[in-house]
Amino acid sequence: MRLRSQAWLAGDDEVAMAHRVALTSAGVPVLGQHGDAPAPVIGIANSASELNPCNLPLNDLVGAVRAGIEEAGGVGVTFPTISLGEDLMKPSAMLYRNLLAIEIEEMIRANPLDGIVLLANCDKSVPGALMGAASANIPTVLVTGGARPVVSFRGEPIGTGTALWRLWDSRRAGQLDDAGWHELEKCLSCGVGACNTMGTASTMAVLSEVLGLMIPGSSSIPAGDPRSAAAARLAGRAAVAAVTEDRRPAAILTPAAFANAIVALHAIGGSTNAVIHLAALAGRVGVAFPLAEIRRIGASVPVLADIEPSGSGLMPDFDAGGGVPSLLAELSGLLEPGALTVSGPTIGEIAVGAAPPTGAIRTADRPLRTGGAFGVVHGSLAPDGAVIKTSAASPELLRHRGPAVVFHGYDDMIARIDDPGLPVTRRSVLVLAGCGPVGVPGMPEWGMIPIPARLVRAGVTDMVRVTDARMSGTSFGTVLLHVAPEAAIGGPLGLGQDGDTIAVDVEAGSLELEVPAAELTRRRAAFTPPPPVHLRGWPALYASHVLQAPDGCDLDFLRATTAAQRKFVEPVVGRS
């Protein structure tokens, strides 16, 4: 087969020479490690950054990836990418996920790359990089950096994210003093790597392995573990083999692969954000991904990962229990076994060869819960749907009817949530509107609305909350998220008022705003869309083209809905 890179490098004219000189000048050999035959050129896209501690472990893996590429007869070429971390990026790293996807796709399009190894770790880095590589459709392998170390707070191991939310409520209730709060800060500053709960980063790593784009068993290796370098080396070798054997994302990211990912998402009690990211990735390869599939498939899936926030363990416990291969072995009867992987074996073959799960990965006869980890609801308040992580919610609140307390935007919520005069009781339904993909823009993780302080002091630990925002994968509670259409584009969520009755029945799949149709018509006629927040740059482009949550919040011009749109158009290689 002719390598894609040869369009740049082969030939005796001045253009080919200039291309070879550019690589040679950068210290990259044009020929392979084993003679004069052309070598596959494998990009190594590194998203490490000091602005993102989650991704910093990736710097230590670049050399191992390159070594694996060279051992297999390829040539490794490193380049930096945008680093998306939820810790510091405002209003949300989600605003820039699609920008990373564009960057990856266009770097592949514009350069002589035959395959790519993506180095990503934090929440949006993984899906963004995969979306770009899937659109480019060259052989792709993902390497993640693992979860950060586990530390103890007052004698108990704590998970990053989840512990912070719980202990923040304790502080607001007056149960954690200043000394304890400062002690917690020191504990949470425990090193680099992703959150060590089943947050979005760990969820997306696990799902990427289930989708077939990682070395089997590598997605749960903790940051700094010596096995990481070995897995990175194998990823480099696998990238060269995938080029030689023409294993591309289009052949791996099939409907069967996404069905397996949904099974795994339920089984690990993963992040609600993964529903959006899977929909976006499916849209890049033209695979239908309706919300109804989350509900249908989940009905028969046991939740097996006893990991926070759905369970009690942390990601090192998941890894010690056998990681993804052992999880697949226990789920084998629910999987599409013929789904392909970039490393060669099918998902079924990986499951058959895996050890039985232990410890934090439960067996199917003693699950954490049955019936899946997620609910999907529709109704007059969410015509196009909303999702809830039932595995981290209060069972008694999954069917509830109460008066709304409505906040229009984050600032309004922060200003009023602890107001002693707020007309709220434990029966109230807290609503946060105007925080969707267009509304901010970027759909931040503001959905886990704090319980009002006076209710926290009275012992209330959970309430029904409804929002068009997202919440962190480390969060918990009875929170109905991703309401679509969002308030900013005229969705019913933006028409709600204090005192309106909201009824939710997750088992029945309903979320209703119990307001007479005539009154809603009157409110809709009076509704005025908020003015654009941004008038220039990426946020303005994003807000003008972003799709709603059920379609993955991708940009409308990036989805591959037809065969023509799925075709990756190569550049014309000539004089610059």
[Y] backbone acceptor or donor facing [X] side chain under 3.5 Å:
X: E103; Y: I82; answer: yes
X: K124; Y: E86; answer: no
X: S25; Y: A22; answer: no
X: S332; Y: A329; answer: yes
X: R295; Y: G298; answer: no
X: S218; Y: I215; answer: yes
X: N121; Y: G146; answer: yes
X: E209; Y: S219; answer: yes
X: T140; Y: I116; answer: no
X: R362; Y: P302; answer: no

- Hey, is R559 close enough to D554 for a salt bridge, meaning N to O under 4.0 Å?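 No, this pair does not count.
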Hey, does [Y] have a side-chain heavy atom less than 4.5 Å from the side chain of [X]?
X: S310; Y: L368; result: yes
X: S300; Y: L334; result: yes
X: L58; Y: S47; result: yes
X: L130; Y: R284; result: no
X: L88; Y: N52; result: no
X: W538; Y: N98; result: yes
X: L558; Y: I102; result: yes
X: L23; Y: W8; result: no

Please give me the minimum heavy-atom distance between [X] and [Y], naming the atom from each residue.
X: P216; Y: P325; answer: C-CG, 4.3 Å
X: A110; Y: P571; answer: CA-CG, 4.4 Å
X: M131; Y: A101; answer: CB-CB, 3.9 Å
X: P57; Y: A223; answer: CG-CB, 4.0 Å
X: R366; Y: G359; answer: NH2-O, 3.9 Å
X: A392; Y: P309; answer: CB-O, 4.3 Å

- Item | Flag if over 12 foreign heavy atoms under 6.0 Å of CD, E50 |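 No, not enclosed.
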With rounding to the nearest 0.5 Å, note down the distance linking [atom1] in [X] to [atom2] in [Y].
X: M204; Y: L142; atom1: CE; atom2: CG; value: 9.0 Å
X: M315; Y: I221; atom1: CE; atom2: CD1; value: 11.0 Å
X: L207; Y: M214; atom1: CG; atom2: CE; value: 11.0 Å
X: L314; Y: I307; atom1: CG; atom2: CD1; value: 6.5 Å
X: D123; Y: C195; atom1: CG; atom2: SG; value: 6.5 Å
X: N273; Y: H482; atom1: CG; atom2: NE2; value: 5.5 Å

- Message: Whether the N46 and T78 side chains hold a donor-acceptor pair (N or O, under 3.5 Å, no angle test) is what I'd like checked.
- Response: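 Looking only at side-chain atoms, T78 and N46 do not form any donor-acceptor pair under 3.5 Å.
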- Between S271 and T203, does any side-chain donor sit less than 3.5 Å from a side-chain acceptor?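 Absent: no donor and acceptor within the cut-off.
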- side-chain contact (heavy atoms from CB on, under 4.5 Å) evaluation trace for L328 with N260: CA-CA 9 Å; L328 296 177; N260 288 341; over 6 Å; no
- Query: Passes side-chain contact (heavy atoms from CB on, under 4.5 Å), H545 versus F557? Steps please.
  - Reply: CA-CA 8 Å; H545 291 278; F557 57 82; 3.7 Å; yes
- Would you check, one step at a time, whether the test side-chain contact (heavy atoms from CB on, under 4.5 Å) holds for D551 with F289? CA-CA 8 Å; D551 289 321; F289 193 86; over 6 Å; no
- Task: Walk me through it: do V285 and L281 pass the test side-chain contact (heavy atoms from CB on, under 4.5 Å)?
- Result: CA-CA 7 Å; V285 292; L281 185 59; 5.8 Å; no
